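This structure is in structure tokens; I'll ask about it shortly.
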Protein chains: 2
Amino acid sequence: MRMNPAAENNDRQQLGERLNAGGFRFTSQRRCVYDVLLNKRDHPTADEVFMRAKKGMPEISHATVYNCLDALVECGLARQVHLQRGAARFCPNMEEHCHYYCDACGEVFDVTLPADGAMMPKPRGFKVDHYDIAVHGLCAACAKKK
Amino acid sequence: MRMNPAAENNDRQQLGERLNAGGFRFTSQRRCVYDVLLNKRDHPTADEVFMRAKKGMPEISHATVYNCLDALVECGLARQVHLQRGAARFCPNMEEHCHYYCDACGEVFDVTLPADGAMMPKPRGFKVDHYDIAVHGLCAACAKKK
DNA sequence: TCCTTATTTAGAATTATTCCAAATCTTGAC
DNA sequence: GTCAAGATTTGGAATAATTCTAAATAAGGA
């Protein structure tokens, strides 16, 4: 699920522009949080991002992590995903994809979608921003156990 | 979004059987909570269900509402949906459908899906339980305002 | 460099959910 | 119908997730 190094550099360079375009300022905290998302693409919760971010930036605060994540979501560099009761998760993969979620062990993985929202019905007047598609069930390992 | 009265009676009669089949007991609280879901299909949060349930059953507790909702979800009479940060919502519509969610005003509505998960990729070994498909954007009314 | 304004910070406050132990039901056997 | 066993409910406390607040700091333009 990792991208190649060149693509990651690209991602990081885009940060400044994208923040600007969205009316946000570039800050070291936002870079740090974005790096956390890019470095381990395992759909961390805000709290997991917080703990990882503290390794490189010990003074960063909880509220800032939320602020940074929200800024990244708003300027199109990350997505927020809602898979279960409790904490939201974050994902820097902006390709059209869906999330397979194991209800037993909590594992999440991305699967790129062949077609985009073309198959979806389009209610009159509704202005679509994005799709949030989760597939719940048991991952291969957990399915075998039962 | 309401079903006809005959269908609702059907829904209510199924409650006992379904609970049994799932290894749950029938209780008045579970009937009450299920009735709340059937009576107003507006995707209430657990807390909204709690407040509505109290009208008919003033002594019902918060923990019981969670317990009942979880039981209903587990025996296939309701679905839990995760649309935004914060509270989960509940929905007694068990047809294959997706949720259109207005990020501005919070309105939710169901749209029955033409095809079921047939178009989805099937990762090897993953045992699919159900799909949870949300479409984010602006409802007609909010789209007009902007 | 200075000013304006966004952002960060720590901690308090709020919201959402889960846990707990005692009391109370539901169900099946008799 | 009565009883016992075990599931469920209760109220309240505990925990988790997120938001708010006011003061301090940092970013970007003039």
Side-chain angles (χ1 to χ4, degrees), chain A residues 15-36 43-54 56-75 77-78 80-91 103 106, chain B residues 15-36 43-54 56-75 77-78 80-91 103 106:
Chain A
L15 177 57
E17 305 170 26
R18 290 299 202 94
L19 284 171
N20 274 169
F24 296 101
R25 287 182 180 173
F26 175 91
T27 67
S28 56
Q29 288 86 348
R30 284 173 179 158
R31 179 172 49 203
C32 170
V33 165
Y34 190 44
D35 276 348
V36 165
H43 307 82
T45 63
D47 201 60
E48 287 166 340
V49 172
F50 175 57
M51 291 186 297
R52 293 175 196 175
K54 276 205 294 199
M57 186 176 263
E59 350 62 59
I60 198 169
S61 83
H62 222 149
T64 299
V65 169
Y66 276 96
N67 172 314
C68 293
L69 288 170
D70 288 344
L72 293 173
V73 168
E74 219 176 297
C75 64
L77 290 165
Q80 185 172 21
V81 282
H82 309 106
L83 292 168
Q84 83 293 89
R85 214 137 81 186
R89 294 155 175 273
F90 296 85
C91 163
D103 289 306
Chain B
L15 176 58
E17 305 169 23
R18 290 299 201 92
L19 285 170
N20 274 168
F24 295 102
R25 289 184 176 171
F26 176 90
T27 68
S28 56
Q29 288 84 350
R30 283 172 183 161
R31 180 173 47 203
C32 170
V33 165
Y34 190 43
D35 277 347
V36 165
H43 306 83
T45 64
D47 201 58
E48 287 164 341
V49 172
F50 175 55
M51 291 186 296
R52 294 175 196 175
K54 275 205 293 198
M57 185 176 262
E59 350 61 61
I60 198 168
S61 83
H62 222 149
T64 298
V65 169
Y66 276 97
N67 172 313
C68 293
L69 288 169
D70 287 345
L72 293 173
V73 168
E74 221 176 294
C75 64
L77 289 166
Q80 185 172 21
V81 282
H82 309 105
L83 292 168
Q84 82 295 91
R85 213 136 82 184
R89 293 154 175 272
F90 296 86
C91 163
D103 289 306

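What you are looking at is a predicted structure, and each value in this text was computed from that prediction instead of being measured.
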Subject >> Leading and trailing nucleotides of DNA chain D with any atom under 4.0 Å from heavy atoms of chain A >> reply: D/dA17 to D/dG28
Original post:
Looking for any heavy atom pair under 4.0 Å, which part of the strands does A/A63 touch: base, sugar-phosphate only, or nothing?
Top reply: base
Original post:
Do side-chain atoms of A/E74 reach the backbone of A/A71 as a donor and acceptor pair under 3.5 angstrom?
Top reply: no
**OP:** Can you tell me the distance, in whole Å, between the CG atom of B/N67 and the C1' atom of C/dC20?
**Re:** 14 Å
Original post:
When the distance from CD of B/Q29 to C1' of C/dT26 is rounded to whole Å, what number comes out?
Top reply: 11 Å
Original post:
Think B/Y66 has a side-chain N or O under 4.0 angstrom from the OP1 or OP2 of C/dT18?
Top reply: no
Subject >> 5′-ward residue of the pair B/P58/A/D70 relative to DNA chain D >> reply: B/P58
Original post:
What closest approach, in Å, do B/H82 and A/R85 show between heavy atoms, and which atom pair accounts for it?
Top reply: NE2-N, 3.4 Å
Original post:
Rounded to the nearest Å, what distance is computed from the NE2 atom of residue A/H62 to the P atom of nucleotide C/dT14?
Top reply: 18 Å
**OP:** Can you measure from CZ (B/F90) to CG (B/L69) and round to the nearest 0.5 angstrom?
**Re:** 4.5 Å
Original post:
Starting at CZ of A/F50 and ending at C1' of C/dA10, how long is that distance when rounded to a whole Å?
Top reply: 10 Å
**OP:** Could you check A/V65 against B/A88 and say which one's nearest nucleotide on DNA chain C is further toward the 5' end?
**Re:** A/V65
Original post:
For the pair made of CG in B/N20 and P in C/dT27, what is the distance, rounded to whole Å?
Top reply: 7 Å
Subject >> Heavy-atom pair of closest approach, residues B/M57 and B/S28 >> reply: CE-OG, 3.4 Å
Original post:
Rounded to the nearest 0.5 Å, what separation is found between the CD atom of A/Q84 and the OG1 atom of A/T45?
Top reply: 9.0 Å
Original post:
A/D47 CG to C/dA16 P: how many Å, rounded?
Top reply: 18 Å
Original post:
What does B/T27 touch in the nucleic acid at a heavy-atom separation under 4.0 angstrom: a base, only the sugar-phosphate, or nothing?
Top reply: sugar-phosphate
Subject >> Interatomic distance, A/R31 CZ vs C/dT8 C1' [rounded to whole Å] >> reply: 16 Å
Subject >> Between C/dA10 (C1') and A/M57 (CE): distance, integer Å >> reply: 16 Å
Original post:
Can you tell me how far the CG atom of A/N20 sits from the CZ atom of A/F26, to the nearest 0.5 Å?
Top reply: 10.0 Å
Original post:
What are the two closest non-hydrogen atoms of B/S61 and B/F50, and how far apart are they?
Top reply: C-CE1, 3.6 Å
Original post:
Is there a donor and acceptor pair, one atom on the side chain of A/R30 and one on the base of C/dT7, closer than 3.5 Å?
Top reply: no
Original post:
Of the candidate nucleotides C/dT9, C/dT27, C/dT7, which contains the atom at the shortest distance from the side chain of B/F26?
Top reply: C/dT27
Original post:
Could you give the distance from CG (B/L83) to NE2 (B/H43), rounded to the nearest 0.5 Å?
Top reply: 7.5 Å
Subject >> side chain to side chain contact (heavy atoms under 4.5 Å, CB included) partner of B/P44, the single match among B/R89, B/R52, B/M51 >> reply: B/R52
**OP:** Using a cut-off of strictly less than 4.0 Å, decide whether A/R85 has a side-chain nitrogen or oxygen near OP1 or OP2 of C/dT18.
**Re:** yes
Original post:
Looking only at heavy atoms, what is the nearest atom pair of B/R30 and B/F24, with distance?
Top reply: NH1-CB, 3.7 Å
Subject >> Axis bend over the full length of the helix from C/dT1-D/dA30 to C/dC30-D/dG1, computed from five pairs that close each end, to 10 degrees >> reply: 40°
Original post:
If each of B/G23 and B/E59 is mapped to the nucleotide of DNA chain D with the nearest heavy atom, which maps nearer the 5' terminus, i.e. the 5' end?
Top reply: B/G23
